[in-house]
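Throughout, residue positions are numbered sequentially from 1 according to the sequence presented. Since the model is a prediction, treat every value here as computed from it, not as a measurement.
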Amino acid sequence: ALLPLRESRAYVILFLKCSCSLLGSGSRVRGRLMFRSIKISLFLISLALVVAASGMASAQDRRQNAPGAFDFYVLALSWSPSFCEAAAERGNSGRSQQIQCGRPYSFVVHGLWPQYERGFPEYCQRPSPRLDRNIVSSMLDVMPAPGLIFNQWDKHGTCSGLGARAYFEGIRKARAAIKIPEQFLDLSEPKTIAPSEIEEAFVKANPGLSNSAISVVCTSRRLSEVRICMNKDMQFRDCDEIDRRACRRDEVVMPPVRGG
């Protein structure tokens, strides 16, 4: 059984203290005793690393990557203009970028991610079940690139415990439950805004959504995503860990919608 993270840290500290004292005593003796002390110290350090790794694994979840065994979903809504602006700066002009960035998208679905209370599963079936291209085509209005859809099914959909059609129907249901604030629908000019203002706009537009159930994410100076926590019935629910990962910048930039 894996040790809880707090206990594993305590053992690591204890082992390291022991190893340091042994190394210290080894420097004061000669011959065989010195080498014996060093060997014991190296053993204890190795054991400490194993315990630390066990603690990290338990920090995720004991159900790690079991399909359908999770606590809630995160619906990730990506601000498409930020994605496209960053891709252009990197000189990335792949097919997915061309498909998404040639159209006037605002918020698009990045994915619907099964979550544990601490951590998350991923790639729960290898190889993943084949994804029907008819399903891919049916999702392009909310997830604007086939590559994105395939990737989200492989990484997250396989952890939902649902078949592909049911999983993507769940994405559509989750997206339909969210009202995008009107001021973000047809943004025609770059907008500098505090992450807290974005959060408040979503809370105001969506009755039942609390500040503890939403997280605004940024990369560099731009808005990246809005992440909203939902239970398996697609109802809003609090999620402290997701909220703690929120953007800490005072302001972010929202590039305008292309063609807006």
Exercise. Would Ile198 and Ile193 satisfy side chain to side chain contact (heavy atoms under 4.5 Å, CB included), going step by step from the backbone distance to the final call?
Worked result: CA-CA 7 Å; Ile198 299 172; Ile193 187 172; 3.7 Å; yes
Donor-acceptor check, side chain of [X] to backbone of [Y], threshold 3.5 angstrom: yes or no?
| X | Y | answer |
| --- | --- | --- |
| Arg258 | Arg103 | yes |
| Asn206 | Phe202 | yes |
| Tyr105 | Trp79 | no |
| Ser128 | Gln125 | no |
| Ser215 | Ile242 | yes |
| Asn65 | Glu122 | yes |
| Lys155 | Cys124 | no |
| Ser160 | Leu162 | yes |
| Trp113 | Gln152 | no |

Exercise. Honestly curious: do Leu148 and Ile135 fall in one hydrophobic cluster under the side-chain, below-4.5 Å linking rule?
Worked result: yes
For this session: Kindly work out whether a path of hydrophobic side-chain contacts (I/L/V/M/F/W/Y, heavy atoms less than 4.5 Å apart) joins Phe107 to Met143.
Result: yes
For this session: Report yes or no: do Ser210 and Asp238 form a side-chain donor-acceptor pair below 3.5 Å?
Result: yes
Exercise. Passes side chain to side chain contact (heavy atoms under 4.5 Å, CB included), Met234 versus Leu112? Steps please.
Worked result: CA-CA 10 Å; Met234 305 307 172; Leu112 183 68; 3.7 Å; yes
Problem set entry | Worked verdict on Glu117 versus Glu241 for side chain to side chain contact (heavy atoms under 4.5 Å, CB included) | CA-CA 7 Å; Glu117 295 296 345; Glu241 184 182 5; 6.0 Å; no
Exercise. What's the verdict on side chain to side chain contact (heavy atoms under 4.5 Å, CB included) for Ile178 and Met230, showing C-alpha distance, side-chain angles and the deciding distance?
Worked result: CA-CA 11 Å; Ile178 304 299; Met230 298 177 151; 3.6 Å; yes
Problem set entry | Phe120/Phe72 aromatic ring centres below 6.0 Å | no
For this session: Enter the distance from Asp243:CG to Cys229:SG here, rounded to the nearest 0.5 Å.
Result: 8.0 Å
Exercise. What distance do Leu77 atom CG and Ile214 atom CD1 have between them, rounded to the nearest 0.5 Å?
Worked result: 8.5 Å
Using a cut-off of 6.0 Å, state whether more than 12 heavy atoms not belonging to [X] lie near its atom [atom1].
| X | atom1 | answer |
| --- | --- | --- |
| Arg133 | CZ | no |
| Arg130 | CZ | no |
| Glu182 | CD | no |
| Lys232 | NZ | yes |

Problem set entry | Arg165 charged N/C atom sitting above Phe168 aromatic ring, 6.0 Å / 45° | no
Exercise. Does any non-hydrogen side-chain atom of Tyr73 lie less than 4.5 Å from one of Asn231?
Worked result: no
Exercise. For Glu199 and Asn211, what are the C-alpha separation, side-chain angles and deciding distance, and is it a side chain to side chain donor-acceptor pair (under 3.5 Å)?
Worked result: CA-CA 7 Å; Glu199 184 174 301; Asn211 294 90; 2.8 Å; yes
